Amino acid sequence: MAIACRQLAFPADLRLRDGAPAAETGRSLGGGAAAQSPRLRPHAFRGLQRERDLSPATPRWPASYVVSNADNKFYVLGSKCQSSKTRAIRSEATAVTTEKVSTLDGVDWDNFGFGLRPTDAMYVMKCQRGEEWEKGELKPFGNLELSPSAAVLNYGQALFEGLKAYRTDDGRILLFRPEENALRMISGADRMSMPAPSVDVFVNAVKETVLANERWIPPAGKGSLYIRPLLLGSGAVLGLAPAPEYSFIIYVSPVGNYFKGGLAPIDLKVDGYYHRAAPGGTGGVKTIGNYASVLKTQLTAKGKGYSDVLYLDAVENKYVEEVSSCNIFIVKDNKISTPELRGTILPGITRKSIIELARNFGYEVEERLVSVDEVMEADEVFCTGTAVVVNPVGSVTYNDRRVKYKNGGLGGIAQQLYTALTDIQMGKAEDKLGWVVQLA
């Protein structure tokens with residue numbers, strides 16, 4: 001049986017409450033291959049049962065074992081990838097039913113961390129160019145099959161989104177402004193010459209995917225279920241042209257709280273040479289190429305002890321635009337300012353929400369050109385994004401000058417807005433703005 005191997009496992013920071021590692025790096029079979037393999041045989045594991053919880057996250061996984069799901073069962077795979085012409089995989093597996101498992105009781109959510117972990121199901125929907133979208137369906141989480149000449153691989157024709165689902169103290173499941181993500185994908189798809197699902201289709205697909213992975217949503221206050229919708233030019237092309245086929249995919253991953261023990265200020269380095277986007281480009285849409293292009297500068301900055309990079313405009317090289325994956329705000333004399341959207345800055349949904357909240361609190365908020373000199377003279381600086389929500393900035397370095405902000409960067413306005421927004425997202429405060437969508 002010729003089955004490709006891939007490196008995919010729960011990170012080592014996912015631990016059981018007794019301190020035993022829940023997983024180690026290993027290999028898994030994509031899709032439903034585990035259910036189809038004639039080589040699968042029962043295999044005894046220590047710790048597969050913990051108080052009748054048959055969750056695949058509870059065992060002590062031996063090295064090179066991970067979880068692959070098929071037909072509503074999880075298969076614990078012990079794989080050995082042979083370097084032969086057929087790449088045969090010799091596997092032993094234990095099928096563990098998950099039909100009645102609603103939580104992952106063995107997981108230490110307090111130390112879960114923020115990272116990718118495989119879940120139960122993903123949503124897949126396809127469309128031929130110029131035709132209507134086919135009916136989408138839920139499939140076991142696994143690898144995708146693409147032609148080497150797929151437009152996404154050769155020409156970067158793709159978009160992605162990011163949003164979260166939260167579990168509340170009283171057991172409800174909430175989404176935060178999913179229609180805004182749908183609208184942003186539609187706008188980006190137009191720029192990238194791609195068809196996009198409608199708002200209703202997008203939101204319903206997100207709901208289906210979240211509910212199919214409901215047991216992976218962390219307990220209230222312990223994290224969230226990160227949701228990643230993708231729109232790919234999956235059809236094969238050789239010459240430069242729009243793809244003949246498109247795929248809309250949604251996968252999810254449980255994540256712990258980004259900050260442990262309170263907000264953690266970051267240190268930014270202003271880059272005066274490389275630019276994230278230029279006028280007339282794609283900086284204002286969430287296309288995949290925007291993020292690959294910042295990796296070089298981000299890695300260089302982190303190698304020098306900084307947290308991330310703050311980019312300037314590509315025309316005059318003096319106005320701040322974005323951090324690698326976050327919008328930026330400054331506060332001066334209790335007035336909040338953020339760079340205006342001119343096609344080079346991503347219209348962040350958290351950014352939009354923070355602006356509305358701040359104005360509701362009575363703050364004056366300006367969307368305008370913000371010079372790097374103003375950043376260096378600000379009373380307070382903070383970033384916004386889906387992952388971090390609000391991230392205070394402790395210092396900014398520009399050329400040879402470094403400015404440290406008061407109270408280590410933990411400004412009162414950033415903390416106020418962070419608390420107000422997360423309370424709405426997590427169902428702790430009344431949603432007077434109609435932002436949250438309840439699933440269950």
Side-chain angles (χ1 to χ4, degrees), residues 109-110 112-115 119 160-185 199 202-207 209-211 213-229 250 252-264 286 325-327 329 336 338 346-361 363 365 382-392 410 412-440:
W109 293 106
D110 290 322
F112 198 69
F114 193 97
T119 51
F160 72 93
E161 281 295 328
L163 63 159
K164 293 177 179 177
Y166 299 87
R167 194 184 299 276
T168 66
D169 290 326
D170 57 3
R172 292 174 295 145
I173 299 172
L174 303 179
L175 298 174
F176 183 71
R177 309 190 78 173
E179 72 286 345
E180 291 290 336
N181 295 91
L183 290 169
R184 188 167 64 181
M185 178 169 277
V199 172
F202 181 103
V203 173
N204 287 333
V206 168
K207 291 178 180 178
T209 310
V210 170
L211 291 175
N213 294 282
E214 179 180 350
R215 70 194 193 90
W216 292 94
I217 304 174
K222 303 296 185 181
S224 58
L225 188 70
Y226 192 90
I227 306 162
R228 174 54 58 85
I250 303 174
V252 299
S253 177
V255 294
N257 290 324
Y258 201 86
F259 300 112
K260 288 182 173 61
L263 296 176
K286 206 167 177 69
S325 59
C326 297
N327 296 115
F329 289 76
I336 303 173
T338 189
L346 186 73
I349 294 161
T350 308
R351 172 190 182 276
K352 180 178 181 178
S353 303
I354 287 294
I355 291 173
E356 294 179 49
L357 274 180
R359 287 173 175 161
N360 286 346
F361 280 130
Y363 292 108
V365 182
F382 60 89
C383 303
T384 63
T386 300
V388 301
V389 187
V390 175
N391 201 153
L410 287 172
I413 293 179
Q415 293 188 73
Q416 179 187 18
L417 294 173
Y418 173 82
T419 300
L421 185 55
T422 53
D423 281 355
I424 293 173
Q425 291 175 330
M426 298 178 187
K428 296 180 180 180
E430 182 183 356
D431 176 25
K432 298 180 180 179
L433 299 169
W435 284 348
V436 298
V437 174
Q438 182 173 326
L439 301 189

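Position 1 is the first residue of the sequence, and the numbers go up from there. These figures come from a predicted structure and were not determined experimentally. Just so you know, these numbers use all the heavy atoms, side chains as well, and skip hydrogens, waters and symmetry mates.
- In this structure the side chain of L357 reaches within 4.5 angstrom of the side chain of I424, judged on heavy atoms.
- In this structure the side chain of P229 never reaches within 4.5 angstrom of the side chain of T209, judged on heavy atoms.
- Once rounded to the nearest 0.5 Å, the distance linking OG1 of T119 with CG of L225 reads 7.0 Å.
- Applying the side-chain contact (heavy atoms from CB on, under 4.5 Å) test between W435 and each of L175, L421, L174, I349 identifies L421 as the sole match.
- Partners of K428 by salt bridge (charged side-chain N to carboxylate O under 4.0 Å, His left out), not counting sequence neighbours: none found.
- Scanning both residues, P254 and F112, for their nearest heavy atoms gives O-CE2, 3.3 Å.
- R228 and S253 form no side-chain donor-acceptor contact under 3.5 Å, judged by distance and modelled atom types alone.
- Contact of the K286 side chain with the R184 side chain is registered, since non-hydrogen atoms from C-beta on lie closer than 4.5 Å.
- In this structure the side chain of I250 never reaches within 4.5 angstrom of the side chain of V210, judged on heavy atoms.
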Requested in this report: Would you please test F329 and I413 for side-chain contact (heavy atoms from CB on, under 4.5 Å) and show each step?
Outcome: CA-CA 11 Å; F329 289 76; I413 293 179; over 6 Å; no
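- No side-chain heavy atom of T384 sits under 4.5 Å from any side-chain heavy atom of V389.
- Under the 4.5 Å side-chain criterion, counting only non-hydrogen atoms from C-beta, F382 is in contact with L417.
- G115 approaches V255 most closely through the heavy-atom pair O-CG1, 3.7 Å.
- Closest of all the heavy-atom pairs between A264 and N391 is O-ND2, 3.1 Å.
- K164 and S224 make their closest contact through CD-OG, 3.3 Å (heavy atoms, listed as atom of the first residue, atom of the second, distance).
- Separation of atoms CZ (F202) and CG (L163) is listed at 6.0 Å; rounding is to 0.5 Å.
- T350 is not listed as a side-chain neighbour of N327, based on a closest heavy-atom distance of 4.5 Å or more.
- Taking the charged nitrogens against the carboxylate oxygens, E180 and R351 have no contact shorter than 4.0 Å, which rules out a salt bridge.
- F176 CZ to T422 OG1: the interatomic distance, rounded to the nearest 0.5 Å, is 10.0 Å.
- Here the side chain of R359 pairs a donor or acceptor atom with the backbone of V365 at under 3.5 angstrom.
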**Report entry** side-chain contact (heavy atoms from CB on, under 4.5 Å) evaluation trace for K222 with D110
**Finding:** CA-CA 6 Å; K222 303 296 185 181; D110 290 322; 2.5 Å; yes
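- Here CZ of R167 is found 5.5 Å from CD of E214. Values are rounded to the nearest 0.5 Å.
- Between W109 and W216, the shortest heavy-atom distance links the atoms CH2-O, 3.9 Å.
- In this structure, the side-chain hydrogen bond (donor to acceptor under 3.5 Å, both in side chains) partners of N181, at least two apart in sequence or on a different chain, are E161.
- Remark: T168 engages D170 in a side-chain hydrogen bond (donor to acceptor under 3.5 Å, both in side chains) (not counting sequence neighbours).
- Between V390 and P392, the shortest heavy-atom contact is O-CD, 3.8 Å.
- Within the model, atoms OH of Y166 and CD1 of I217 stand 11.5 Å from one another, a figure rounded to the nearest 0.5 Å.
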